[in-house]
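Below, read A as the first sequence line, B as the second, and so on, with proteins coming before strands; counting in each chain starts at 1.
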Amino acid sequence: MADSPDLTDLLGRPALEVAPRLLGAVVAHGGVAVRLTEVEAYDGAEDPGSHAYRGRTDRNAVMFGPAAHLYVYFTYGMHHCCNVVTGPEGQASAVLLRAGEVVSGLPVARRRRPAATKDRDLARGPARLCRALDIDAAQDGTALVGGAVTLTLPDRFVPEGHVRTGPRVGLRGAPDRPWRFWVADEPTVSSYRPARPRNRGTGR
DNA sequence: ATACAGATTGCCT
DNA sequence: GGCAATCTGTATG
């Protein structure tokens, strides 16, 4: 179904529906293109783990806006991660781009990610992906249609049999739903890493 | 105003 | 496998 992949197909649809359809899509910016192999859905209205769960702020404002725009956030004091806003407007639904394979601009991507010893690690992880694509706060709110960052859907969606799903872990109060989607047998998919509990509360 | 946790990553042993 | 880096949003006094 949905044999005519187009960005307009994404408009107004919940993130959980859009996420698997973004697998195989190509994101391009700054001379590098990445084919998405892992994404994660967020829904501001129902997801306690979403940045938009507690309402609109300066930081998450883009999530509440129209679909097909890029929501970029800064985290851990050093990393950027980017999402595709899926709409409908006001719902704050978005899909986090977690990992992908660099399909164009390999030399440029390698230069931006000196820590990556293998090409498969260039965009293996949400912050790494942004780094490889040179996406930061300057791209927050960028339109994915006619903007500097382009999103091209694949000729055909990744077959259902090749799509893997899994529940997120480490989010309190989050229902067990398949939030995460990735392409089976892809070396660029980020390995699952449980949240690190903070055990250092000695106050000194 | 102050404290802590976070949609992470890279370097340490 | 474990933890430091480093800044913002959110909770609490």
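Here A:Tyr76 lies parallel enough and close enough to stack on the base of B:dG6, with planes under 30° and ring centres under 5.5 Å apart.
Contact annotation: A:Arg54 reaches the phosphate of C:dA11 (side-chain N/O to OP1 or OP2, under 4.0 Å).
Within residues 79-89 of chain A, the residues approaching DNA chain B are A:His79, A:Asn83, by heavy-atom distance under 4.0 Å.
With rounding to whole Å, A:Met78 atom CE is found 9 Å from C:dA5 atom P. In this structure, A:Leu70 places its CG atom 18 Å from P of B:dA7, rounding to the nearest Å. The distance from atom OH of A:Tyr71 to atom P of C:dT8 is 13 Å, rounded to the nearest whole Å. If you measure from atom CZ of A:Phe74 to atom P of B:dA5, you get 20 Å, rounded to the nearest angstrom. When rounded to the nearest whole Å, the span between CH2 of A:Trp179 and P of B:dA7 equals 13 Å. Atom-to-atom, CZ of A:Arg56 to C1' of C:dT8 comes out at 18 Å; the value is rounded to the nearest Å. A straight line from OH of A:Tyr53 to P of B:dG6 spans 15 Å, rounded to a whole angstrom. The CG atom of A:Leu96 sits 8 Å away from the P atom of B:dT8 (whole-angstrom rounding).
With sequence neighbours left out, A:Ser104 forms a side chain to side chain contact (heavy atoms under 4.5 Å, CB included) with A:Ala33. For A:Tyr71, the ring-ring contact (aromatic ring centres under 6.0 Å, His included) partners at least two apart in sequence or on another chain are A:Tyr73.
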Symbol by symbol from the 5' end, with Watson-Crick or G-U pairs under 3.5 Å, [ ] crossing and | another strand, DNA chain B is ||||||.|||||.
Distance-only check: which donor-acceptor pairs under 3.5 Å involve side-chain atoms of residues 57-70 of chain A, not counting sequence neighbours?
{"from": "A:Thr57", "atom 1": "OG1", "to": "A:Arg59", "atom 2": "N", "distance (Å)": "3.4"}
{"from": "A:Thr57", "atom 1": "OG1", "to": "A:Asn60", "atom 2": "N", "distance (Å)": "3.3"}
{"from": "A:Thr57", "atom 1": "OG1", "to": "A:Asn60", "atom 2": "OD1", "distance (Å)": "3.4"}
{"from": "A:Thr57", "atom 1": "OG1", "to": "A:Asn60", "atom 2": "ND2", "distance (Å)": "3.4"}
{"from": "A:Arg59", "atom 1": "NH2", "to": "A:Phe74", "atom 2": "O", "distance (Å)": "3.1"}
{"from": "A:Asn60", "atom 1": "OD1", "to": "A:Thr57", "atom 2": "N", "distance (Å)": "2.6"}
{"from": "A:Asn60", "atom 1": "ND2", "to": "A:His51", "atom 2": "O", "distance (Å)": "3.0"}
{"from": "A:Asn60", "atom 1": "ND2", "to": "A:Gly55", "atom 2": "O", "distance (Å)": "2.9"}
{"from": "A:His69", "atom 1": "ND1", "to": "A:Gly141", "atom 2": "O", "distance (Å)": "3.2"}

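With respect to A:Ser190, the side chain to side chain donor-acceptor pair (under 3.5 Å) criterion is satisfied by exactly one of A:Glu38, A:Arg128, A:Arg180: A:Glu38.
The number of heavy-atom neighbours closer than 6.0 Å to CZ of A:Arg131, taken from other residues, nucleotides and ligands shown, is 12 or below.
Residue pairs meeting the salt bridge (Lys or Arg N to Asp or Glu O under 4.0 Å) criterion with at least one partner in residues 61-85 of chain A, sequence neighbours excluded, do not occur; the list is empty.
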